[in-house]
Amino acid sequence: MPADAGLPNAKLTDQQDPPQISAPVKVTLHQLFCMEATAAPCGIVIIGASGDLAHRKLLPGLYHLYKVKLLPKEFFILGAARSPGDDAGFRDQIEAAFKEKGETDGATLRGFLEHVYYRSVQYAQLGTLESPLKEFALKHATQGKLLFHIATPPEVYESAIASLSQAGLIGKGKNAAVIIEKPFGYDLDSARRLNRLLLANLDESQIYRIDHYLGKETVQNILMFRFANSIFEPVWNRRYIDHVQITAAESIGIEHRAGFYEKAGNLRDVFQNHMFQLLSTVAMEPPVVLDQDQYRNEKLKVIRSLRPIPAEKLNEMVVRGQYGSGAIDGTPVAAYRQEEGVNPASTTETFVAMKLFIDNWRWEGVPFYLRSGKRLARGVTEIAIQFKQVPHSMIPAFPADQFSPNVLTFRLQPQEGISLSFEAKQPGTKFCMTTLDMAFNYKDVFRKSSMEAYERLLLDAMQGDQTLFVREDMNDLSWAFMTTILKGWEQSPPGNFPNYAAGSWGPREAQALIEKDGRAWRK
Ligand code: BG6
């Protein structure tokens with residue numbers, strides 16, 4: 001998809017090897033145009049390699065890329081972290097974990113592990129990696145290109161970047177780039193400080209701020225859906241759309257991440273990044289060319305057009321919540337305040353709902369309702385576009401406002417797909433109406449499962465394509481919006497936490513946020 005046509009290795013092709021299709025719905029692939037690109041030789045340095053992210057996402061992602069031959073032959077991976085260890089121990093750990101997850105192809109795994117190394121290092125002394133990096137670069141013929149993936153806790157981002165720079169491992173104009181994990185900052189000031197540090201040592205073109213939501217297949221498909229078809233764009237505006245709902249509901253809790261989550265909370269963890277990326281993707285204007293600048297310019301304009309939330313309207317437009325004890329799928333679960341490592345009087349929010357307006361020609365007056373939370377009834381992430389009701393009913397006994405409005409849904413989780421609901425007549429002698437769904441499910445249609453978001457993004461970073469990474473200005477604007485809310489919250493700490501039961505759909509105030517407008521959250 002949005003690969004920069006200017007990439008050295010990218011070419012537009014008629015796909016030679018079309019994906020395997022099974023067709024519960026009729027699928028006709030008239031012609032497949034694909035942007036193909038192979039990654040250039042490089043050394044990948046995972047800083048924070050003993051952490052959860054490295055073992056859950058980065059190493060499995062890189063291994064899968066290796067397996068499907070999307071990594072170049074000339075690559076190496078150096079894991080660096082404070083924990084003691086060596087190459088053999090790190091490789092054994094990876095091998096055991098992959099085998100436990102069902103990997104049976106021992107030969108391929110051993111081949112991959114020959115490219116993998118480990119060094120124990122303090123994050124303020126990353127210069128000690130210089131000599132092993134030279135050695136591995138020579139051995140694997142990577143031609144000197146380095147990609148540093150900073151996957152440490154955010155508290156050490158600054159010292160890691162400073163020490164890489166002091167050692168001359170990164171620098172403007174050098175053949176080195178940095179991938180940095182969210183959260184990029186804690187509020188507007190800290191985000192700007194981190195940015196200044198990055199930009200003092202690197203050009204923006206060498207910085208890859210990762211938001212894994214941008215690597216999700218459905219998120220990319222929103223662009224194709226909107227701008228590669230001619231029938232949707234004419235109705236994609238205030239004249240036809242009643243409102244938009246974006247939901248990122250998780251049934252899981254904080255999963256041993258109390259240390260991080262207590263300081264972050266839902267607004268910083270999910271809204272500042274994932275939710276605003278979804279919002280801007282669904283609401284953006286069509287970019288003239290799908291390249292990294294124009295795509296990100298259009299998304300930025302959406303965030304710039306958000307109607308500010310004045311302090312006196314904060315409670316009317318934004319709801320925060322924290323889960324109490326409850327049950328998920330019949331299994332009792334503890335309250336947030338009882339989770340290990342959480343302050344028993346914590347005021348950290350585990351749920352946020354928000355009503356937003358985008359003040360531009362396309363969206364004037366259309367509310368966007370966003371909600372996200374932990375320990376909700378079900379894990380589901382989706383964007384639902386609800387169209388306006390029919391203006392008139394031709395059946396007098398059935399008033400127009402009783403027709404279910406059409407809803408177009410992009411589902412990111414649990415099963416990626418797109419569906420459109422519409423009214424139809426039930427078969428029979430009477431006029432009985434029913435709501436039907438035209439649904440497209442990735443897994444049912446394309447037998448190949450989607451590439452994991454991280455794989456896609458790691459590959460893009462190796463190819464030098466920043467389209468699906470967060471640009472500095474987007475991060476800044478998004479933090480500016482969130483910081484106003486955070487400051488407002490600081491002035492009035494929540495007095496009613498916990499205010500929703502685990503396993504419910506969030507606090508009562510979140511229902512009221514939408515119901516007072518005569519609308520309802522999707523179930
Ligand atoms: C992460 C958040 O960025 O996204 C987590 O830190 C959250 O708290 C996760 O659970 C959700 O990602 P996904 O891909 O499971 O929706």
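Ligands are counted one by one from 1 in listed order, and the atoms in each one are counted from 1 as well.
For ligand 1, the 4.0 Å heavy-atom shell contains residues Lys182, His212, Tyr213, Lys216, Glu250, Arg257, Asp269, His274, Lys374, Gln413.
By the 30° and 60° cut-offs, the orientation of the rings of His212 relative to Tyr454 is parallel.
Side chains of Gln272 and Lys182 form no contact here, defined as non-hydrogen atoms less than 4.5 Å apart. Within the 4.5 Å cutoff, no side-chain heavy atoms of Tyr369 are placed close to those of Met354. Side chains of Arg192 and Leu197 form no contact here, defined as non-hydrogen atoms less than 4.5 Å apart.
Applying the side-chain hydrogen bond (donor to acceptor under 3.5 Å, both in side chains) criterion to Tyr336, with sequence neighbours excluded, gives Glu262.
Checked against the 6.0 Å centroid criterion, the rings of Phe227 and Phe232 do not qualify as a close aromatic pair.
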